[in-house]
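Remarks on the structure that follows.
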Amino acid sequence: MNVPLPRSFYEPTARLVAPRLLGHFLLRNTTQGSGGGAIVETEAYLADDPASHGYAGQTERNRSMYGPPGRAYVYFIYGNHYCLNVSCEREGKAGCVLFRALEPLLGLEEMSHARGMVVQAPRDLPKLASGPGRLAQAVAITRASDNGRDLTSPRSGLWIGTDDFRAKGIVLTLRIGITKAADQPLRYILQGNNFISGRKNVSV
DNA sequence: ATATCGATTATCT
DNA sequence: GATAATCGATATG
């Protein structure tokens with residue numbers, strides 16, 4: 001958990017990186033506090049993918065998707081939420097993995113504070129970081145502060161640490177909330193994990 | 001238990 | 001001007 005995943009980890013296509021990220025740790029360290037947990041749900045957005053923000057070519061918004069692998073791509077959606085991705089593939093190619101859910105394991109106090117909620121019982125824990133908007137809020141992600149951040153360096157305060165939380169298998173399902181290329185199974189979840197977003201997790 | 005709906009704004013057409 | 005990789009609240013069985 002204290003060893004970051006190297007940049008080379010993010011060089012393959014998002015289709016390969018997304019399942020491989022499961023079981024590793026997303027970690028946040030700031031002067032305000034720390035937080036994080038095991039990555040239990042991801043989605044791949046590919047270079048040639050109608051559902052991807054990079055599909056129509058590079059713009060100001062999606063610039064960090066096209067940058068070097070291992071960097072954060074943060075976007076703002078529905079006028080309310082930030083979502084965190086990590087860019088994959090070589091510089092110049094779009095492709096990224098969306099972090100959709102964490103099993104909260106570190107800094108529960110800080111994360112509940114960031115979410116504006118109080119965790120009293122274990123059954124409240126899934127509300128902390130299940131879903132991309134919740135996850136981003138739990139670790140205090142904003143586009144202004146985190147877009148383009150290097151996720152391969154602990155010094156950046158937002159990074160991904162090697163771990164083997166992957167007790168069981170990986171399940172492949174359809175992606176959530178998209179309208180284009182909605183039939184593509186590119187969502188990956190840790191089998192049997194209780195911190196997955198959504199209800200229907202139909203295996204494909 | 002599942003279904004529907006409103007919020008709220010950056011981005012692109 | 002329409003839309004969106006979402007969430008939380010409210011309504012209904």
Side-chain angles (χ1 to χ4, degrees), chain A residues 10 13-19 21-22 26 37 39-67 69 71-89 93-102 104 111-121 123-149 151 171-189 194-202 204:
Chain A
Y10 305 98
T13 71
R15 187 194 295 278
L16 292 174
V17 175
L21 277 167
L22 298 177
L26 179 67
I39 300 162
V40 299
E41 176 182 352
T42 57
E43 277 178 4
Y45 288 87
L46 310 177
D48 185 18
D49 178 359
S52 170
H53 292 165
Y55 187 61
Q58 186 173 348
T59 66
E60 176 60 28
R61 171 170 75 152
N62 64 25
R63 185 172 55 202
S64 45
M65 280 182 66
Y66 282 84
R71 307 278 279 266
Y73 165 50
V74 179
Y75 66 87
F76 187 61
I77 192 72
Y78 293 113
N80 279 302
H81 313 283
Y82 293 101
C83 296
L84 173 68
N85 301 255
V86 60
S87 72
C88 296
E89 303 198 54
K93 246 190 138 183
C96 65
V97 174
L98 172 67
F99 295 97
R100 287 197 56 94
L102 298 182
M111 291 196 290
S112 1
H113 181 70
R115 289 272 297 121
M117 58 177 279
V118 183
V119 174
Q120 296 169 341
R123 75 169 140 284
D124 298 329
L125 283 172
K127 288 205 284 265
L128 229 39
S130 300
R134 290 168 169 172
L135 182 158
Q137 190 179 21
V139 294
I141 300 278
T142 66
R143 182 171 125 109
S145 62
D146 297 300
N147 190 36
R149 195 176 286 276
L151 301 184
V171 181
L172 174 63
T173 78
L174 297 178
R175 293 180 291 186
I176 292 189
I178 57 171
T179 55
K180 291 166 255 177
D183 57 334
Q184 286 270 352
L186 287 168
R187 173 172 173 254
Y188 300 86
I189 64 185
N194 298 128
F195 298 87
I196 304 304
S197 74
R199 279 241 124 247
K200 295 176 181 176
N201 298 313
V202 182
V204 173

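Lettering follows sequence order; numbering is per chain, from 1.
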Could you tell me whether the side chain of [Y] reaches within less than 4.5 Å of the side chain of [X], counting heavy atoms only?
| X | Y | value |
| --- | --- | --- |
| A:Glu43 | A:Pro132 | no |
| A:Phe195 | A:Leu102 | no |
| A:Ile178 | A:Tyr45 | yes |

Task: By side-chain contact (heavy atoms from CB on, under 4.5 Å) - contacts of A:Lys127 (at least two apart) - done: A:Met117, A:Asp124

Open item on the list: According to side-chain contact (heavy atoms from CB on, under 4.5 Å), who are the partners of A:Ala47, at least two apart in sequence or on a separate chain?
Closed with: A:Glu89, A:Lys93

Open item on the list: Within the 4.0 Å heavy-atom criterion, would you say A:Arg134 contacts the bases, only the backbone, or no part of the nucleic acid?
Closed with: sugar-phosphate

Open item on the list: Taking any heavy-atom pair under 4.0 Å as a contact, classify A:Leu98: base, sugar-phosphate, or nothing.
Closed with: base

Open item on the list: At a heavy-atom distance below 4.0 Å, what parts of residues 124-132 of chain A sit against DNA chain B?
Closed with: none

Open item on the list: Let me spell it out: for each of A:Gly177 and A:Arg115, pick the nucleotide of DNA chain C with the closest heavy atom. Which residue's pick is nearer the 5' end?
Closed with: A:Gly177

Which residues pass the side-chain hydrogen bond (donor to acceptor under 3.5 Å, both in side chains) test with [X], not counting sequence neighbours?
| X | answer |
| --- | --- |
| A:Ser145 | A:Thr142 |
| A:His81 | none |
| A:Arg61 | none |
| A:Ser112 | none |

TODO: If the plane angle is over 60° it's perpendicular, under 30° parallel, otherwise tilted; pick one for A:Phe76 and A:Tyr82.
DONE: tilted

Open item on the list: Please list, in numerical order, the residues of residues 47-65 of chain A that have a heavy atom closer than 4.0 Å to any atom of DNA chain C.
Closed with: A:Ala51, A:His53

Open item on the list: Would the distance check show the side chain of A:Tyr66 and the main-chain N or O of A:Gly54 forming a donor-acceptor pair, the cut-off being under 3.5 Å?
Closed with: yes

Open item on the list: For A:Ser197 and A:Arg100, which I'm curious about, is there any donor-acceptor pair between the side chains at under 3.5 Å?
Closed with: yes

Task: A:Thr173 versus A:Arg187, side-chain donor and acceptor atoms under 3.5 Å - done: yes

Task: side-chain contact (heavy atoms from CB on, under 4.5 Å) assessment of A:Asp49 paired with A:Arg175 - done: CA-CA 12 Å; A:Asp49 178 359; A:Arg175 293 180 291 186; 2.7 Å; yes

Could you go through nucleotides 4-8 of chain B and list every protein N or O atom that sits under 3.5 Å from one of its N or O atoms, giving the distance for each pair?
unit_1	atom_1	unit_2	atom_2	d
B:dA7	N3	A:Asn80	ND2	3.0
B:dT8	O2	A:Tyr78	O	2.3

TODO: Tell me, please, which residues at least two apart from A:Asp146 pass salt bridge (Lys or Arg N to Asp or Glu O under 4.0 Å).
DONE: A:Arg28, A:Arg149

Task: 5'-to-3' dot-bracket of DNA chain B (Watson-Crick, G-U; under 3.5 angstrom; crossing pairs as [ ]; | other strand) - done: |||||||.||||.

- [ ] Give me the first and last nucleotide of DNA chain C, going 5' to 3', that has any atom under 4.0 Å from a heavy atom of chain A.
- [x] C:dA4 to C:dG8

